[in-house]
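To start, the structure under review is shown below, and the notes come after it.
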Amino acid sequence: MENMKKELGPASVFPIGEVNPFGAFFDGVSYLQMLTTSGVSIGNVVFEPGCRNHWHRHINGGQILLCTGGRGYYQEWGKPARELHPGEVVQIGDEKHWHGAAPGSWFSHIAVEVPGQEAKTEWLEPVDAETYNKLK
């Protein structure tokens, strides 16, 4: 955990939380600490090096990622992966996508759920390991 705090730097000001209860939809280990669930759900998500979530969609809602530490990736279906760094913001609608840590790097973001009528997350297939492992 010491290496994690060093890599994440000021991002570790938020509680790391427990092992993510949605771990079945991740390759690797992530941690989740909900910061609020009243009104708008906001969570601190920390990814161990190489951890990423499966492809998914936010139906009738969306998500905003506020990158806070380490180095990660975000990719929409049919587009190249985009490297993420602290201070970057990703606004997500209902497009199929994934996000997570870069290989060899811890990564953290604040996930803000965009509310919508009957909003839900649709979890899809894992990210192809061979494709992911080609990322730097």
Side-chain angles (χ1 to χ4, degrees):
M1 284 293 194
E2 189 61 35
N3 191 35
M4 179 263 310
K5 288 184 183 251
K6 184 178 179 181
E7 282 192 43
L8 294 180
S12 61
V13 68
F14 294 105
I16 301 306
E18 302 295 324
V19 172
N20 195 331
F22 298 98
F25 305 110
F26 287 69
D27 288 318
V29 178
S30 66
Y31 303 87
L32 174 64
Q33 176 65 51
M34 293 308 298
L35 303 176
T36 181
T37 56
S38 177
V40 175
S41 292
I42 301 173
N44 182 40
V45 185
V46 175
F47 299 82
E48 288 189 350
C51 177
R52 67 268 183 201
N53 53 33
H54 295 181
W55 289 99
H56 61 286
R57 294 178 51 220
H58 300 283
I59 299 171
N60 298 325
Q63 190 174 53
I64 300 168
L65 306 179
L66 307 172
C67 303
T68 56
R71 190 170 64 88
Y73 281 97
Y74 168 79
Q75 184 176 15
E76 290 180 14
W77 187 256
K79 296 183 180 178
R82 169 183 158 194
E83 192 169 327
L84 299 175
H85 300 95
E88 294 185 327
V89 176
V90 180
Q91 190 157 353
I92 306 166
D94 72 352
E95 56 272 353
K96 183 176 177 179
H97 69 283
W98 68 269
H99 40 98
S105 177
W106 286 85
F107 179 62
S108 64
H109 64 54
I110 301 297
V112 180
E113 295 298 321
V114 176
Q117 191 170 1
E118 298 182 33
K120 67 178 183 174
T121 300
E122 176 185 40
W123 291 102
L124 304 165
E125 72 274 11
V127 174
D128 176 68
E130 186 176 330
T131 303
Y132 173 81
N133 289 328
K134 290 179 183 175
L135 299 173
K136 295 181 180 184

May I ask you to test the [X]-[Y] pair for a side-chain heavy-atom distance under 4.5 Å?
X	Y	result
Tyr73	Lys136	yes
Pro21	Leu32	yes
Tyr31	Val45	no
Val112	Ile110	yes
Pro49	Ser105	no
Trp77	Trp55	yes
Thr121	Ile59	no

How long is the span from the [atom1] atom in [X] to the [atom2] atom in [Y], to the nearest 0.5 Å?
X	Y	atom1	atom2	result
Ser108	Gln33	OG	CD	13.0 Å
Asn53	Asn20	CG	CG	9.0 Å
Ile42	Met34	CD1	CE	8.0 Å
Phe25	Glu125	CZ	CD	13.0 Å
Asn60	Gln117	CG	CD	8.0 Å
Phe107	Leu84	CZ	CG	4.5 Å

If we count only N and O atoms by modelled type, under 3.5 Å, do the side chains of Glu76 and His97 hold a donor and an acceptor together? no
The residue among Arg52, Arg82, His109 that forms side chain to side chain donor-acceptor pair (under 3.5 Å) with His99 is His109
What's the shortest heavy-atom distance between [X] and [Y], and which atoms?
X	Y	value
Gly70	Leu8	N-CD2, 3.7 Å
Ala101	Trp106	CB-C, 4.5 Å
Ile64	Gln91	CG1-CG, 4.3 Å

Here the salt bridge (charged side-chain N to carboxylate O under 4.0 Å, His left out) pairs for residues 53-65, sequence neighbours left out, are Arg57-Asp94, Arg57-Glu122
Quick note, salt bridge (charged side-chain N to carboxylate O under 4.0 Å, His left out) partners involving residues 23-34, not counting sequence neighbours, are none
State yes or no: do [X] and [Y] share one hydrophobic cluster built from I, L, V, M, F, W and Y residues joined by side-chain heavy-atom distances below 4.5 Å, directly or via other members?
X	Y	answer
Leu66	Val40	yes
Phe26	Val90	yes
Tyr74	Val127	no

Report task. For this output row, return yes or no: ring centroids of His56 and Trp123 closer than 6.0 angstrom. Result -> yes
| request: Report the C-alpha separation of Lys96 and Leu124 in whole Å, then their side-chain angles, then the decisive distance to 0.1 Å, and conclude whether the side-chain contact (heavy atoms from CB on, under 4.5 Å) test is met. | output: CA-CA 9 Å; Lys96 183 176 177 179; Leu124 304 165; 3.8 Å; yes
>> Has Thr68 got a side-chain atom pairing as donor or acceptor with Pro86's backbone, closer than 3.5 angstrom?
In response: no
Does Asn44 use its side chain to pair, donor to acceptor, with the backbone of Pro15 at less than 3.5 Å? yes
Across all chains, not counting sequence neighbours, the side-chain contact (heavy atoms from CB on, under 4.5 Å) partners of Glu18 are none
Val29 and Glu48: side-chain contact (heavy atoms from CB on, under 4.5 Å), yes or no, with the steps?
-> CA-CA 6 Å; Val29 178; Glu48 288 189 350; 3.5 Å; yes
Worked check of side-chain contact (heavy atoms from CB on, under 4.5 Å) between Leu135 and Asn133: CA-CA 5 Å; Leu135 299 173; Asn133 289 328; over 6 Å; no
**Prompt:** Is the Tyr132 ring parallel, tilted or perpendicular to the Trp98 ring (thresholds 30°, 60°)?
**Reply:** perpendicular
Review point. So, are Glu83 and Arg71 salt-bridged, with charged N and O less than 4.0 Å apart?
Key: yes
